[in-house]
Amino acid sequence: MYKVFIVDDEPFILEGLPYAIEWEQFHLEIAGQAEDGRQALEALKSKPADILITDITMPVMNGLELIREMKKLNPQMKFIILSGYHEFDYVKQGITLGIENYLLKPINVEELKETVKNTVRKLDDALRKEWIGQSRFDVLRDNILYRWVTGGIGAPELKDRSKLLGFQIAAPYYTVFTMKPVFADMFAEPSTTAGINAGTGDYETGSNDKPGWAGVPDPSALPPYLFRKDRVIAAMYQYCRETIGDGGECVCFCDADGDIVIIAASQSPHPEQAPRYRLIRQLRTDMERLWKVRIIATTGSTEPSFANVSRSYASAKNMQEYDLVNHDEEWLDYGLLHGAADSAAARIDLQTYEKLLLAKDKDAVLAWIDALFRRLSVPGTATPSQIHNAAIEMMIRAKHFAKDMNMSNELISNDYKQLFSKLFKVRTLEQLNEHVKYIAGAAVDCMAEEDGKLSPVVRQVLQHISDHYAEELSLKTLGQAFRISPGYLGQLFKKETNVAFSDYLNKFRMETAKKLLMNTRLTTSDIAQRVGYVDASYFYRQFKKHFGISPSELRSMR
């Protein structure tokens, strides 16, 4: 576990903060406390910590002075500042020192949770934080932008942070673009000029066409502690920011997967002809030419209001899957490709398909696919294009379903690249049918294999959630039911499923609520009760946070 040290001269902060959230849930423990900076500095010299949460104004030594001293002792330490509204000038100084976030008193518990969650993510992935090649100000900036696109930040906080960070959120429409550099075995043929060695990932230089010439960032000039691939990504990221500008209509950052993400504002729901839009699309061509690296480029849905940016980001990330079957497309556009897949999906009962996958009944899954293809093959039922897109949708659903069930997914991620590549060789409906069955069967086998790795008690808990999700469930009640310590049960559940119990339960309830909204005429209040939420307003907030849209907005999309 990572260690947290708290410094504040207000007793109620020192006494209350350790109990404000479940620190263990984030793999954190409170390692110590102090009432002023000097006391904290002496304690941390002998007992180092990973995260420092400190007030700004304190006697003897203030928070900024403490941070400066700690950066000398422990450059990897992460800092979170507690402040009052009247201390904004101090907060600006803190930003230059490289803080993760600043929390205004009284502390908002949800904001504290999001902050520590993202800080732990950075500790877990320290190299990735460094190779982005950012300034200290950018650490806070990227944290805010990542929370924006993942729906982890509220509107009031985002409005406040946007003023500080210099990007606007007042435009009527937003579109998210992603660019994923592809390394290793998915490279194009080796080049005699600059590029990446497919086997080692080393950066190679050749002619004067290499990056670094004519103002293009040179990966070799970046810090030596970075991996060679990471240097290339850092240079590409820098090139994007310098090309499109930063702030105003566009803002650019790298997400947790190392993808370059661009959030573009527009005045029209159809921004395709805007010069900025064309400039973004040109970036992919330019970067492939300059760095000799293939890039998967996607465009998400165009959404009204800054509050819906997470929907555009999610659709842009999902579009990356379509590269497996649209390998020659320069840009995978949500409006062109996803719309076609949706029209095909409307002809198949995906809910029944997913239920069969969940049941892990391979024979039933294969029989259902056979019956579907027999129906679709009847003349006049569907066009060849619709059948093809339905097959793609089913294959991607099978892969996503196994992933959403928190499987390790190693078998799927390695095997499915080959499985999808075979789609180009399919020429008859019978071959397509067999190909879809092969992939769906592989997903069932993978889930069944992973299910066999779970301990009996975790399997019982998963089944209990599936049967009783509408009831009051907690580690305490389940611990009593299965005669096991709640704390140990929580650790075991997280270890085997790779997700915390509360997160799993909330996701299960949200997905169930989504299906009820899309397939029944029950009211939102009735659905909230059916999935285990007594307070309908709380359910509404949680639903919008999880999916990025309200229950009524989702239902209207049906």
Side-chain angles (χ1 to χ4, degrees), residues 2-26 28-37 39-40 43 49-67 70 77-95 97-122 139-141 143-144 146-148 150-165 169 307 502 506 535 537-542 544-545:
Y2 296 116
K3 299 184 183 299
V4 179
F5 199 97
I6 303 173
V7 192
D8 202 298
D9 61 340
E10 298 180 29
F12 71 89
I13 293 289
L14 288 181
E15 295 173 4
L17 199 56
Y19 301 98
I21 63 175
E22 295 182 13
W23 297 91
E24 295 82 2
Q25 177 183 349
F26 303 99
L28 297 171
E29 62 177 342
I30 305 299
Q33 298 176 318
E35 298 178 356
D36 62 68
Q39 187 182 95
D50 303 289
I51 301 174
L52 176 67
I53 301 178
T54 179
D55 189 12
I56 292 183
T57 55
M58 297 181 295
V60 186
M61 175 186 284
N62 67 35
L64 297 180
E65 293 171 334
L66 173 60
I67 291 175
M70 286 309 305
M77 177 177 271
K78 305 302 174 188
F79 305 100
I80 300 170
I81 282 182
L82 308 179
S83 71
Y85 285 100
H86 61 286
E87 298 168 339
F88 196 68
D89 288 339
Y90 288 109
V91 171
K92 288 184 177 179
Q93 295 180 50
I95 290 173
L97 294 173
I99 64 172
E100 298 300 314
N101 200 1
Y102 65 91
L103 306 177
L104 297 177
K105 298 178 182 179
I107 296 172
N108 182 301
V109 173
E110 291 303 318
E111 184 180 357
L112 174 62
K113 287 182 178 180
E114 287 295 331
T115 298
V116 298
K117 181 170 69 174
N118 281 284
T119 304
V120 168
R121 176 178 61 83
K122 290 189 175 186
V139 175
L140 175 62
R141 171 188 175 278
N143 182 24
I144 298 301
Y146 184 74
R147 290 172 61 199
W148 183 13
T150 55
I153 187 171
E157 183 187 353
L158 180 59
K159 290 179 180 178
D160 178 62
R161 302 302 195 264
S162 67
K163 295 177 183 178
L164 178 68
L165 299 175
I169 57 172
S502 58
N506 185 60
D535 186 345
S537 60
Y538 178 73
F539 164 75
Y540 183 95
R541 293 194 301 272
Q542 290 296 309
K544 191 165 186 178
K545 180 179 179 181

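Positions are given from 1 along the sequence.
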Rounded to the nearest 0.5 angstrom, the CD1-CD1 distance for Ile30 and Ile53 is 6.5 Å
For the pair Lys545 and Glu110, find out whether any cationic side-chain nitrogen is under 4.0 Å from an anionic carboxylate oxygen. yes
Hits for salt bridge (Lys or Arg N to Asp or Glu O under 4.0 Å) against Glu157, two or more places apart or cross-chain, chain-then-number order -> Arg147, Arg161
Which pair of non-hydrogen atoms, one from Asp8 and one from Glu10, has the smallest distance, and what is that distance? OD1-N, 2.8 Å
Gap separating the CD atom of Glu100 from the OG1 atom of Thr119, nearest 0.5 angstrom: 4.5 Å
Let me confirm one number: the CG-NZ distance from Asp55 to Lys105, rounded to the nearest 0.5 Å. 3.5 Å
Which residues satisfy the side chain to side chain donor-acceptor pair (under 3.5 Å) test with Glu65, sequence neighbours excluded? none
When you compare the side chain of Ile67 with that of Ile81, does any pair of heavy atoms fall below 4.5 Å? yes
Does Glu35 CD have over 12 foreign heavy atoms under 6.0 Å away? no
For the student: nearest non-hydrogen atoms of Ala20 and Val109, plus distance: O-CG1, 3.9 Å
What distance do Ile107 atom CD1 and Thr115 atom OG1 have between them, rounded to the nearest 0.5 Å? 10.0 Å
Leu52 CG to Lys3 NZ distance, which is reported to the nearest 0.5 Å: 15.0 Å
Roughly how far, to the nearest 0.5 Å, is the CG atom of Asn101 from the CD1 atom of Ile80? 7.0 Å
Nearest heavy-atom approach of Asp50 to Tyr2 is OD2-CA, 3.3 Å
Sub-4.5 Å side-chain heavy-atom contact between Leu112 and Leu17: yes
With a 4.5 Å heavy-atom cut-off, do Phe79 and Leu64 have their side chains touching? no
With sequence neighbours excluded, what pairs up with Ala34 under the side chain to side chain contact (heavy atoms under 4.5 Å, CB included) test? Phe5, Val7, Gln39, Ala40
So does Ile153 get a backbone contact from the side chain of Trp148, meaning a donor-acceptor N/O pair under 3.5 Å? no
Name all residues meeting the side chain to side chain contact (heavy atoms under 4.5 Å, CB included) criterion together with Ala155; count only those two or more places apart in sequence or in a different chain, and write none if there are none. Phe306
What pairs with Lys117 under side chain to side chain contact (heavy atoms under 4.5 Å, CB included), at least two apart in sequence or on another chain? Phe26, Glu114
Under the salt bridge (charged side-chain N to carboxylate O under 4.0 Å, His left out) definition, can you give me all pairs with a residue in residues 11-25, not counting sequence neighbours? none
Just to verify, what does Tyr540 make a ring pair (Phe, Tyr, Trp, His ring centres under 6.0 Å) with, not counting sequence neighbours? none
Is the shortest heavy-atom distance from the side chain of Tyr102 to the side chain of Ile56 under 4.5 Å? no
Considering residues at least two apart in sequence or located in another chain, which fulfil the side chain to side chain donor-acceptor pair (under 3.5 Å) criterion with Asn108? none
Are any of the side-chain heavy atoms of Tyr146 and Arg121 separated by less than 4.5 Å? yes
Could I get the full list of side chain to side chain donor-acceptor pair (under 3.5 Å) partners for Thr54, not counting sequence neighbours? none
Across all chains, not counting sequence neighbours, the side chain to side chain donor-acceptor pair (under 3.5 Å) partners of Lys544 are none
Side chains of Leu82 and Ile13: closer than 4.5 Å at any heavy-atom pair? yes
Side chains of Leu103 and Ser83 in contact at under 4.5 Å (non-hydrogen atoms): no
